[in-house]
J.: 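One structure, as structure tokens, below. Some questions next.
Both ligands and their constituent atoms are indexed starting at 1 by order of listing. Position 1 is the first residue of the sequence, and the numbers go up from there.
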Amino acid sequence: MTQNLNPRPTAAPTDLPYSVTAMSVADAIATRRSIRAFTDQPVTFEAIARVMEQARLAPSGCNFQPWEATILTGAPLQALRERLLASEPDEPQEYDFSAPGRIDKYKSRLTTFAASMYAASGIQRDDSEKRSAWLKKNVRAFDAPVLLLCHFPKMMESAQWSDVGMWLQTIMLSARGEGLDTCPLEVLGMYGRTIKAHLGLSGDTLLFCGLAIGWRDADAAVNQFERERVALRDNLTFRGF
Ligand SMILES: Cc1cc2nc3c(=O)[nH]c(=O)nc-3n(C[C@H](O)[C@H](O)[C@H](O)COP(=O)(O)O)c2cc1C
């Protein structure tokens, strides 16, 4: 069934058709983390619709609102998973998300993160079998009950990619307000052509990433490892304070 997600596209931003949950923005930010193990509990259409309704309010340059998405659950999600697991990654990929990894500073951040994630998942550095099983799990969107596939017209430039990022972050924070968790998945960008063909999206569309959505398995170690962030002084310059 195709649900009408956006019944009142001209509604004033404050005129939301539901009461907003009580979680503070600070708590939503603090409790969001990329979740890589979900419970089996399904997510209702109503909860997803509330999140997407809030995310409509995300900012975008020129108010272009360049984001588009296809959101799957149940049998359609299962069918996509099967298709992906039976497919090879695109060659070449439609865009490269790993380029900064060629620069030492960024490479070391990736290495630190990957080491923590693999250690929490009980995967040794040289265990290629477990690593490849992990990659498959990643492609399966960590078996989350809902998968949002984020796409937009290929002609969009970096300014619009940034708008889409803000929209995705709004979704992730709004999801916290519902008690839901998420994991963005650029790994699915490696399968852009397969996903577009499966969904019947035009060749002029770019598949940016997935977003796994579901309920966090609070006991899973992979949802608990410490994530590093660089100190403010490494990224910011203050003047005149
Ligand atoms: C656009 C984007 C794509 C990502 N793709 C993946 C992915 O394919 N697989 C994965 O496990 N994590 C993915 N992540 C999650 C990052 O690894 C994570 O955000 C980062 O390590 C910081 O951890 P945190 O989200 O738990 O704070 C992605 C994050 C973003 C923003």
J.: Does the side chain of Asp126 pick up a donor-acceptor pair with the side chain of Ser128 at under 3.5 Å?
T.: no
J.: Give, for atom CG of Leu188 and atom SG of Cys150, the distance between the pair rounded to the nearest 0.5 Å.
T.: 11.0 Å
J.: Could you tell me whether Asp104 and Lys107 make a salt bridge, using a distance below 4.0 angstrom between a side-chain N and a carboxylate O?
T.: no
J.: Could you name the protein residues that come within less than 4.0 Å of ligand 1, counting only heavy atoms, and order them by chain and residue number?
T.: Arg32, Arg33, Ser34, Arg36, Phe113, Asn138, Phe142, Cys183, Pro184, Leu185, Glu186, Val187, Arg227, Arg229
J.: State yes or no: are the ring centers of Trp67 and Phe208 separated by less than 6.0 Å?
T.: no
J.: Centres of the Phe152 and Trp167 rings: under 6.0 Å?
T.: no
J.: Using the ring of each side chain (for Trp, its six-membered ring), is Trp161 parallel, tilted or perpendicular to Tyr95, with breaks at 30° and 60°?
T.: perpendicular
